Amino acid sequence: MLVQRERVVVRFEGDVPERFFCGGVLYRVTDIPTRLEDEMAALTHPLAITGWRFQGTDADGTSRIFDICRSPDGWTLLRS
C-alpha cells in the first residue's frame, strides 16, 4: 500500500468518478466506486471527509485500488 497526498485530476460521469490522472498516468475506473463516507458510517467516530474508493486501470491493463478525497484545492490521492 502506498500512502501519500498527491493532487489528482478526476473526471466524473454525473457525480461518480469515471477517469483520473495521477502520477503522469491516466486511469479509468473499472469497478463501482464506493463513497468513503459510506465506508466510515459504521465507525463510532467517522472522519468528516468527502471521497471515493475505486479500482483504476491504466492503458497497460494494470489495476490498483485508489482512495481519493476532496481537498480545498481539488482532489487528493490518500492511498493506493
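Every heavy atom of this structure was used, including side-chain atoms; hydrogens, water molecules and symmetry mates were not. For clarity, every value in this text was computed on a predicted model and none was experimentally measured.
Counting heavy atoms from C-beta outward, R53 and R79 have side chains that approach closer than 4.5 Å. In this structure the side chain of E18 never reaches within 4.5 angstrom of the side chain of V29, judged on heavy atoms.
Of all non-hydrogen atoms in R7 and G74, the two that sit nearest each other are NH2-CA, 4.0 Å. Summarising the geometry of W52 relative to P33, their closest heavy-atom pair is CE3-CB, 3.5 Å, with the distance given to 0.1 Å. Residues Y27 and C22 approach most closely at CE1-O, 3.9 Å, considering heavy atoms.
Judged by distance alone, with hydrogens and angles left aside, the side-chain atoms of Q55 form no donor-acceptor pair with the main-chain N or O of S63 at under 3.5 Å.
Relative ring orientation between F66 and F54 is described as tilted, the plane-to-plane angle lying within the 30° to 60° band.
When hydrophobic clusters are built by joining Ile, Leu, Val, Met, Phe, Trp and Tyr residues whose side-chain heavy atoms come closer than 4.5 Å, directly or via intermediates, I68 is grouped together with V16. By the criterion of side-chain heavy atoms lying less than 4.5 angstrom apart, applied directly or through intervening Ile, Leu, Val, Met, Phe, Trp or Tyr residues, I65 is not grouped with V10; the two fall into different hydrophobic clusters. When hydrophobic clusters are built by joining Ile, Leu, Val, Met, Phe, Trp and Tyr residues whose side-chain heavy atoms come closer than 4.5 Å, directly or via intermediates, F21 is not grouped with L78.
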I would like to know whether R11 and L26 meet side chain to side chain contact (heavy atoms under 4.5 Å, CB included); could you show each step before the answer?
CA-CA 11 Å; R11 178 178 164 194; L26 177 64; over 6 Å; no
Evaluate W75 against F12 for ring pair (Phe, Tyr, Trp, His ring centres under 6.0 Å), listing each step before the verdict.
CA-CA 12 Å; W75 289 93; F12 288 84; 5.5 Å; yes
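Residue T57 forms a side chain to side chain donor-acceptor pair (under 3.5 Å) with just one option from T30, D31, T62, and that option is T30.
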